[in-house]
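Got a structure for you, written out below as structure tokens; questions coming shortly.
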Amino acid sequence: QLQLIESGGGLVQPGGSLKLSCVVSGHIDRNYGMGWFRQVPGAEREFVATINQSGGSTFYADSVKGRFTISRDIAKNTMYLQLNALKPEDTAVYYCAAGTYSSIARNYEYWGQGTQVSVSS
């Protein structure tokens with residue numbers, strides 16, 4: 001079993017930046033592909049970005065491409081999401097997930113509890 005804990009969310013003005021972290025703990029017997037998703041009330045969980053086991057491959061949703069950057073530090077068992085040029089429509093609860101390299105939420109086995117990102121002036 002893995003535990004994922006996100007941090008770094010908060011309130012930021014449009015155009016601002018945040019950096020989210022996701023620390024993985026528990027029985028880590030191998031590296032996992034990981035991803036970030038986000039969700040607003042009443043909507044399905046939306047794919048944001050994914051990174052493969054080595055960190056050498058990444059894939060982004062079109063809505064965040066060029067503004068967000070996913071990365072990972074394998075030695076620290078931590079994944080990051082750098083959010084730049086934030087827009088009000090980026091407001092959501094952001095979740096990290098582990099288990100695969102995929103844009104499809106149901107393919108992931110492990111999920112964090114989420115961290116709120118709010119973009120407002």
Side-chain angles (χ1 to χ4, degrees):
Q1 285 286 350
L2 298 183
Q3 293 80 46
L4 281 63
I5 300 178
E6 303 98 332
S7 63
L11 174 63
V12 64
Q13 293 185 344
S17 297
L18 284 173
K19 187 171 185 177
L20 308 183
S21 299
C22 174
V23 177
V24 182
S25 63
H27 183 60
I28 304 171
D29 58 356
R30 61 182 177 88
N31 291 329
Y32 294 85
M34 299 185 69
W36 287 98
F37 290 78
R38 65 187 183 186
Q39 191 171 24
V40 299
E44 291 188 358
R45 200 160 290 189
E46 176 190 19
F47 167 72
V48 175
T50 184
I51 188 166
N52 74 341
Q53 294 94 318
S54 68
S57 293
T58 59
F59 180 70
Y60 296 90
D62 287 344
S63 59
V64 307
K65 198 175 297 182
R67 300 188 298 122
F68 293 5
T69 303
I70 189 172
S71 62
R72 67 189 300 172
D73 185 331
I74 293 175
K76 295 182 178 180
N77 293 319
T78 302
M79 178 179 65
Y80 305 98
L81 186 68
Q82 177 68 45
L83 295 74
N84 296 330
L86 281 161
K87 305 174 182 180
E89 52 262 44
D90 294 319
T91 295
V93 177
Y94 283 70
Y95 296 90
C96 69
T100 187
Y101 174 60
S102 173
S103 63
I104 301 173
R106 65 176 180 270
N107 290 344
Y108 287 83
E109 186 172 1
Y110 305 101
W111 291 87
Q113 82 288 350
T115 185
Q116 176 71 46
V117 171
S118 299
V119 185
S120 175
S121 55

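Residue numbers run from 1 in the order of the sequence given. Since the model is a prediction, treat every value here as computed from it, not as a measurement.
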Name all pairs fulfilling the salt bridge (Lys or Arg N to Asp or Glu O under 4.0 Å) condition that reach into residues 49-64, sequence neighbours left out, sorted by first residue then second.
-> D62-K65
Yes or no on side chain to side chain contact (heavy atoms under 4.5 Å, CB included) for Y32 and L2, after CA distance, side-chain angles and deciding distance?
-> CA-CA 11 Å; Y32 294 85; L2 298 183; 3.5 Å; yes
Side chain to side chain contact (heavy atoms under 4.5 Å, CB included) partners of S25, counting only residues at least two apart | Q3
Only counting residues at least two apart or in another chain, list the ones meeting side chain to side chain contact (heavy atoms under 4.5 Å, CB included) with V40.
-> A43, A92
When hydrophobic residues are tied together by side-chain contacts of less than 4.5 Å, even through go-betweens, does Y108 share a cluster with V64?
-> no
May I ask whether W36 and V119 are part of the same hydrophobic cluster, defined by side-chain heavy atoms of I, L, V, M, F, W, Y residues being less than 4.5 angstrom apart, directly or through others?
-> yes
Who pairs with S102 by side chain to side chain donor-acceptor pair (under 3.5 Å), at least two apart in sequence or on another chain?
-> N107
By side chain to side chain contact (heavy atoms under 4.5 Å, CB included), S7 pairs with (sequence neighbours left out) S21
Can you tell me which residue pairs pass the ring-ring contact (aromatic ring centres under 6.0 Å, His included) test with a partner in residues 81-107, sequence neighbours excluded?
-> none
Quick one: which residue pairs count as a disulfide (SG to SG under 2.5 Å) with a foot in residues 68-121, not counting sequence neighbours?
-> C22-C96
Linking I/L/V/M/F/W/Y whenever their side-chain heavy atoms sit closer than 4.5 Å, directly or via other members, would I70 and F37 fall into one cluster?
-> no
Chi angles and distances behind the side chain to side chain contact (heavy atoms under 4.5 Å, CB included) call for Q1, Y110 = CA-CA 8 Å; Q1 285 286 350; Y110 305 101; 3.6 Å; yes
Which pairs with one or both residues in residues 79-90 pass salt bridge (Lys or Arg N to Asp or Glu O under 4.0 Å), sequence neighbours excluded?
-> R38-D90, R67-D90
Report, as yes or no, whether the 6.0 Å neighbourhood of atom CD on Q116 holds more than 12 heavy atoms from other residues, nucleotides or ligands.
-> yes
With a 3.5 Å cut-off and sequence neighbours excluded, list the donor-acceptor pairs that the side chains of residues 73-81 form with protein atoms.
residue	atom	partner	partner atom	Å
D73	OD1	A75	N	3.1
D73	OD1	K76	N	3.2
T78	OG1	K76	O	2.8

Can any side-chain N or O of R45 pair as donor or acceptor with the backbone N or O of R106 at less than 3.5 Å?
-> no
For residues 13-20, which side-chain donor-acceptor pairs fall under 3.5 Å, sequence neighbours excluded?
residue	atom	partner	partner atom	Å
S17	OG	N84	OD1	2.9

Can you get from V48 to I51 by hopping between Ile, Leu, Val, Met, Phe, Trp and Tyr side chains that sit under 4.5 Å apart?
-> yes
Does any pair with a residue in residues 55-75 pass ring-ring contact (aromatic ring centres under 6.0 Å, His included), and if so which ones, sequence neighbours excluded?
-> F47-F59
Looking only at heavy atoms, the pair that brings A98 and L4 closest together is N-CD2, 3.8 Å
Looking at OG of S118 and CG of L86, how far apart are the two atoms once the value is rounded to the nearest 0.5 Å?
-> 10.5 Å
With sequence neighbours excluded, what pairs up with I5 under the side chain to side chain contact (heavy atoms under 4.5 Å, CB included) test?
-> Q113
